[in-house]
Amino acid sequence: MASYPFSTIEPKWQKYWDDNNTYSTPDDYTKPKYYVLDMFPYPSGTGLHIGHPEGYVATDIIARYKRMKGFNVLHPMGFDAFGLPTEQYSMKHNVHPITATEKNVENFKRQLKMLGLGYDWSREINTTYPEYYKWTQWIFLKIYNSWYDKDLQRARPINELPIPATITSPKDIEDYRDSKRLAFNASIPVNWCEGLGTVLANEEVDEWVAKGYTVERRPMRQLMLRITEYADRLLEDLELVEWPSSTKEMQKHWIGKSTGAEIEFQVSGDTNHTIKVFTTRPDTVFGATYLVLAPEHPLVEHVATSDNLSIIEEYRKRASLKSDLERTELAKEKTGVFTGGYAVNPATKAKVPIWIADYVLAHYGTGAIMAVPGHDDRDFVFATAFNLPIVRVVSDGIDGELTAAFTDNGLNVNSASTDVSLNGLSTEDAKVTIIQWLEKNNIGIGKVQYRLRDWLFSRQRYWGEPVPILYYDDGTKRALDEDELPLMLPKVDHFKPAGTGESPLALVDSWVNFIDPKTGKHARYETNTMPQWAGSCWYYLRYLDTKNSTKFCASDKEKYWMGTTGVDLYVGGAEHAVLHLLYARFWHKVLYDYGLVSSKEPFARLFHQGLILGEDGTKMSKSIGKSVSPDAIVTEFGADALRVFEMFMGPLEAAKPWQTKGVEGVLRFLNRAWRLIATDDGAPLPVLQEIPLTNEQEFVLHSMIKKVGDDIETLSFNTAVSQMMIFVNEFTQCEIKPRSAMEKFVVCLAPFAPHIAEELWQILGHTTSIFLEKFPTVDETKLIQSTVEIVLQVNSKIKSKAVVPVESTDDELETFCSCR
RNA sequence: GCGUUGGUGGCGAAAUGGCAGACGCACAGGACUUAAAAUCCUGGGGAGUUACAUCCGUGUGGGUUCGAGUCCCACCCGACGCACCA
């Protein structure tokens with residue numbers, strides 16, 4: 001026999017599991033629950049990549065193990081099927097996205113089943129199904145119909161928003177509400193991609209530029225979600241979750257909280273205009289020797305003197321033409337021009353020049369900075385390049401001439417006026433003192449600033465969730481009511497972009513030209529659709545109650561499965577460290593504010609599986625033809641060999657090169673395991689007998705049970721597999737195979753290699769699925785050996801080794817050693 | 001530049017401060033075979049010796065310790081992410 005018959009037993013057991021609903025998850029509240037979740041895939045046309053199974057097999061092992069440990073385990077799967085690639089594919093091949101999606105999903109499901117992954121398919125979800133996106137729209141409306149109460153630190157219904165007494169007309173009240181909603185319209189410069197015919201979120205730009213598309217800035221009316229209101233909670237609640245530190249750090253950085261002050265500089269000779277700057281170092285205000293505005297800053301024309309206007313205009317034009325890429329490439333060189341205008345430093349009362357430079361970003365802070373070249377690296381470089389004065393206001397203890405910015409904390413110097421003095425104060429104290437002084441004199445205020453920006457939530461695309469808002473001819477609008485959901489995506493033959501910067505939906509007559517049945521008024525729906533992230537913001541909740549047509553998820557099910565900490569284990573790629581995980585946390589917190597979910601955070605424990613690289617250790621890419629197809633591997637070596645190999649390659653989190661030879665090695669191991677129990681014909685071995693184990697065999701068996709169990713808990717699957725290999729190697733050498741040990745081994749192997757385990761279990765005479773068994777328990781007494789080898793060292797050099805009884809006392813050992 | 005990680009045989013990798021390299025791949029030798037494949041057994045860090053002894057070995061240099069791959073300090077290199085955010 002070349003190999004055990006995986007090609008017949010794998011389909012056999014997959015059918016058995018399907019027929020017997022082996023993996024269906026009951027809502028059995030009497031058992032402790034365990035919710036283990038994969039990041040659901042985007043069903044592309046190319047099918048599963050060899051990297052997909054890595055995370056899926058890991059969670060599959062955990063799920064099977066936990067079930068065998070007595071937990072009620074939820075391990076569902078679904079498809080994140082809206083999105084640009086499918087739409088692009090559809091346009092190119094002239095098939096409808098619905099058709100393309102169905103086809104791709106079907107292929108993905110075939111491949112997932114082929115791998116023996118034990119999902120409860122009755123809980124499958126697909127973000128493009130109206131039964132699903134009805135609730136995506138419903139949650140969106142929850143957000144739309146909310147404002148953020150800063151005092152209570154939570155979202156509240158928009159009709160509870162206090163309306164100022166000065167606002168009385170219905171239109172003004174509506175406008176006021178619109179200005180406070182968590183979903184709002186804004187006309188902002190966006191990343192417009194002509195090739196795709198849509199706008200992109202800042203975060204998405206790089207991905208498409210890398211694929212060869214060009215992206216330009218263009219002001220457009222867009223739907224935004226006010227994620228910034230949740231900045232603090234998104235930051236603080238990272239403390240509550242067990243996530244990789246790199247991911248936490250990335251989110252912290254993305255949120256970018258910085259504490260400082262806003263300071264107003266009076267424009268020199270113009271009491272009507274002030275320039276507001278944001279700084280994290282208000283303590284250095286005495287060292288602010290000039291101001292810099294972003295080129296796009298609204299006050300630039302105002303402060304500029306006429307003789308400088310043309311040069312300013314030229315500079316602005318140049319800056320606007322620079323792509324983001326060029327801006328970063330040219331990061332080393334600082335450019336800028338003098339406006340001709342001056343402002344008054346509120347601390348020193350000195351006249352300081354106002355410059356513009358593109359290293360000051362219009363969209364961060366106030367779009368203007370006070371430059372303190374003595375204590376900020378960028379300002380120092382700029383001041384040196386343009387010959388601007390550099391003043392020391394913080395002592396470094398030596399106080400020589402500044403040859404570089406001194407950015408550390410220190411004691412203030414040269415920081416006194418008739419009104420206020422910071423001299424001698426530490427940086428921390430100086431900040432407090434100056435902010436008090438600024439606030440008292442009404443020229444500044446302590447301020448917390450975030451890097452996080454509101455979430456651009458609309459796309460000019462067809463293949464996404466429709467936004468459930470309609471507009472009337474008179475300029476008024478309304479959001480749909482719950483009983484009007486889902487707002488179905490119209491089935492159209494032409495889904496190419498309108499070419500006007502509008503979504504394809506703008507060309508659909510029934511969409512933009514109809515009578516609203518509720519009001520009888522002529523109306524058009526919002527033509528933009530939601531971004532791909534929307535569906536994945538809450539899918540983990542829908543799995544709990546996929547068929548519910550009256551709620552997004554029944555509350556008793558939510559309470560049981562999510563508990564107070566959320567999904568027990570969430571496994572997926574690190575590429576989602578910021579976007580998906582931040583957006584999902586945001587939506588979850590809105591739901592939490594309404595008491596619709598019971599945990600503050602959606603995902604208690606997060607794990608990123610590492611990349612699987614090509615055999616040469618570089619990134620696998622289809623274009624170079626290096627990619628390995630899971631189908632081919634399964635055909636040649638079997639799904640179990642693929643599963644075990646992917647777990648054996650190395651630590652789950654590490655990037656590891658693929659080795660087809662390694663799969664062969666694992667297949668050898670499975671063959672050896674088979675031969676431990678069965679003949680080539682699949683009959684039990686005659687030497688399989690009910691005999692007691694020797695002490696040594698007991699030790700090997702229980703070491704294996706312990707190691708496998710412990711390693712599964714810590715996701716160290718590679719060493720668990722090693723230990724099973726050791727077990728097989730040891731027992732291969734035994735003439736008689738003790739039946740009880742073989743049975744326990746097969747149960748340990750089952751989470752890793754479910755098909756061969758079921759088959760061997762049947763060969764061993766069992767008639768029910770091995771996954772109804774309990775995972776073996778470790779008998780710690782079997783791990784205690786009667787003798788132990790000790791190493792005798794003198795000055796840490798090994799002098800001798802000896803085998804001694806394990807219960808030897810210190811005295812006995814000393815006596816023993818001195819005799820050697 | 002900043003953040004997070006890593007750096008151990010020919011390769012993937014193991015190793016509560018206590019025999020470095022478990023387990024697997026590749027390789028070499030042997031058994032079985034007419035032969036090969038498959039399988040089984042055996043061997044492999046380096047130098048050195050007929051063999052033993054011995055010495056050197058976990059990116060580099062220091063330190064702590066009876067003892068360091070593991071802890072501390074500095075540096076070098078790689079991967080991933082961020083990158084003028086005031």
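A note on names: the letters A, B, ... follow the listed sequences, proteins ahead of strands, and every chain is numbered from 1.
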| Residue A:Gln733, side-chain heavy atoms: nucleotide from B:A22, B:C41, B:C40 that is nearest | B:C41
| query | Between A:Leu402 and A:Arg392, what is the shortest heavy-atom contact and its length? | reply | CD2-NH2, 3.5 Å
| said: Quick check for you: among B:C84, B:A14, B:A86, whose closest atom lies nearest to any side-chain atom of A:Pro651? | reply: B:A14
| said: Just the rounded figure in Å: distance from P of B:G81 to NE2 of A:His576. | reply: 13 Å
| request: When you get a sec, tell me which of B:C84, B:C40, B:A86 is the closest nucleotide to the side chain of A:Lys334? | output: B:C84
| note | Across every strand shown, the nucleotide meeting Watson-Crick or G-U wobble geometry with B:C11 (both distances under 3.5 Å) is B:G24
| note | Syn within 90° of 0, anti beyond: B:G48 is anti
| query | Which of these nucleotides, B:A13, B:C41, B:C11, is closest to any side-chain atom of A:Gln659? | reply | B:C11
| note | Any strand, both distances under 3.5 Å, Watson-Crick or G-U wobble: B:C71 pairs with B:G63
| task | Using the C1' atom on both, measure B:G9 against B:G3 and round to a whole Å. | result | 33 Å
| query | Closest to the A:Met725 side chain: B:A86, B:A83, B:G24? | reply | B:G24
| task | Using the P atom on both, measure B:A74 against B:U4 and round to a whole Å. | result | 14 Å
| said: Counting only side-chain heavy atoms from C-beta out, which of B:C25, B:A86, B:A13 sits nearest to A:Arg668? | reply: B:C25
| Where A:Val393 and A:Gly287 come nearest, the two heavy atoms and their spacing | CG1-N, 3.5 Å
| Where the side chain of A:Arg585 meets the backbone of A:Leu234, is there a donor-acceptor pair that is under 3.5 Å apart? | yes
| said: What I want to check is whether the side chains of A:Tyr450 and A:Asp232 have a donor and an acceptor closer together than 3.5 Å. | reply: yes
